[in-house]
Amino acid sequence: MIEEPKINRNLALELLRVTEAGALAAAPLQGRGNKLAADHRAVEAIRGALGSVDMKGTVVIGEGEKDEAPMLYFGEAIGNGLEPEVDVAVDPIEGTSLTASGLPGAISVVALAERGTMFTTHAHYMQKLVVGRRARGVIDLEMPVEWNLRRIAKAEGLPVQELTVVVLDRERNNQVIAQIRDVGARIKLITAGDVAGALEAALEMRFGIHCMMGSGGATEGVLAACAIKTIGGDMQAKLHFRDDKEKEMAVKEGHKPNKVLCLDDLCSGKDIFFAATGITSGELLKGVRYEDVYAYTQSMVLRSASGTMRIVDAYHPIDKLRAKGLLPEQVAVR
């Protein structure tokens, strides 16, 4: 017997309006070199949009501590206070440096799940291993890179040399990069965009990426896990510490520093909702662009109960965006 979802309406479609607001607010600052201003605009827009959603939400992945972030901070109550009660994970701009530099792949992201089901931590980094449906159940983060790549290749029905692995281009990942190259697999290096990279790996048949390896943001790891769980991929992770102080903080939070975290550890929810909207055009989603009297957006919307993935193209009247403050009057669009 199929278990009925506890949340009986599709909140993902309401989240779509939230991430659209974040992307539309940040888009006018594409390529203008001010990532803080872009992030501030996206935070304000997303905070306002989330406030109107019928939910009793608590931010568990957000902008940081209350004294560092006046909005979307850890523990903040969000929504209009009605049921359902949910955890909220939000990254107003995943790729602030990409937005400021006008580079591909910046997105606005929000995920929801039943209250108390999302992994929470103040740790900065997380070692990750992400695959799609075909390689689900064959990975083990505690085994060597070569061992995992050969098992992934077998599951994909490919020679290991035909695998493509996405890795965040950071010095801390140099050893992983070298080990992948020793096996002979291809590498796609990304400068930012952990969530988008993980989704490309989980949707391997669509993007030709078979795996994601290396360490990236911990909060981005939880957001990615929410999406990966809805589309049937697989993921394992482990907290990555730069020093003993970060490890001690994790222990105080109740985490085991060397524990391998599986999908259910990162998000144990059964009713998961995920939405992402492109800010700058990348392989995952097209970015915001302005066409005559409209602003165009492309978004991805996921719901675990149905397993549905929607790609939504939308056109927003520019005069209404200006009226809402999502497009400053001084920004020319033609």
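For clarity, every value in this text was computed on a predicted model and none was experimentally measured.
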**Message:** For a salt bridge (charged side-chain N to carboxylate O under 4.0 Å, His left out) check, start with the C-alpha distance between Lys270 and Glu114, then their side-chain angles and the critical distance, and finish with the verdict.
**Reply:** CA-CA 8 Å; Lys270 303 298 183 185; Glu114 306 98 306; over 6 Å; no
Quick check: are there more than 12 heavy atoms from other residues, nucleotides or ligands sitting under 6.0 Å from [atom1] of [X]?
X	atom1	answer
Glu253	CD	yes
Arg310	CZ	no
Asp244	CG	no
Phe241	CZ	yes

Pairing of [X] and [Y] as salt bridge, 4.0 angstrom limit:
X	Y	value
Glu248	Lys252	no
Asp264	Lys229	yes
Arg289	Glu291	yes
Arg47	Glu76	yes
Lys56	Glu85	no

Common cluster, [X]/[Y], ILVMFWY with side-chain heavy-atom separation under 4.5 Å:
X	Y	value
Leu24	Met300	no
Leu302	Leu11	no
Val165	Leu189	yes
Val18	Ile272	no
Leu327	Leu29	no

**Item:** Option passing side chain to side chain contact (heavy atoms under 4.5 Å, CB included) with Asn148 (candidates Leu129, Ile180, Val138)
**Value:** Leu129
Nearest 0.5 Å, please: how far is [atom2] in [Y] from [atom1] in [X]?
X	Y	atom1	atom2	value
Leu15	Phe274	CG	CZ	10.0 Å
Leu98	Thr96	CG	OG1	7.5 Å
Asp271	Thr230	CG	OG1	12.0 Å
Leu163	Gln161	CG	CD	8.5 Å
Lys256	Leu261	NZ	CG	11.0 Å
Ile318	Asp292	CD1	CG	7.5 Å

Non-hydrogen atoms of [X] and [Y] that approach each other most closely:
X	Y	answer
Ser215	Asn173	N-OD1, 2.8 Å
Ser299	Leu285	C-CD2, 3.8 Å
Arg206	Leu284	NH2-O, 4.1 Å
His122	Met249	CB-SD, 3.7 Å
Ala153	Pro159	CB-C, 4.1 Å
Ala42	Gly22	CB-O, 3.8 Å

Does [Y] offer a backbone N or O that forms a donor-acceptor pair with the side chain of [X] under 3.5 Å?
X	Y	result
Arg136	Gly232	yes
Glu14	Val53	no
Glu246	Arg242	yes
Asp54	Leu82	no
Ser281	Lys286	no

**Request:** Please test His255 against Phe119 for ring pair (Phe, Tyr, Trp, His ring centres under 6.0 Å), starting from the C-alpha separation and ending with a verdict.
**Result:** CA-CA 10 Å; His255 301 309; Phe119 183 83; 4.5 Å; yes
**Request:** Would you sort out whether Lys128 and Asp194 count as a salt bridge (charged side-chain N to carboxylate O under 4.0 Å, His left out), showing the intermediate values?
**Result:** CA-CA 10 Å; Lys128 305 168 192 175; Asp194 282 27; 2.7 Å; yes
**Complete:** Applied to residues 33-42, the side-chain hydrogen bond (donor to acceptor under 3.5 Å, both in side chains) test, sequence neighbours excluded, yields His40-Glu44
**Request:** Using distance alone, with no hydrogens and no angle criterion, decide if Thr280 and Gln30 have a side-chain donor and acceptor under 3.5 Å apart.
**Result:** no
**Message:** Test: salt bridge (charged side-chain N to carboxylate O under 4.0 Å, His left out). Region: residues 165-188. Which pairs qualify, not counting sequence neighbours?
**Reply:** Glu162-Arg186, Lys188-Glu200, Lys188-Glu283
**Item:** Partners meeting ring pair (Phe, Tyr, Trp, His ring centres under 6.0 Å) with Tyr296 (sequence neighbours left out)
**Value:** Tyr315
**Request:** Apply side-chain hydrogen bond (donor to acceptor under 3.5 Å, both in side chains) to Thr19 and Ser108, showing your working.
**Result:** CA-CA 5 Å; Thr19 56; Ser108 184; 5.6 Å; no
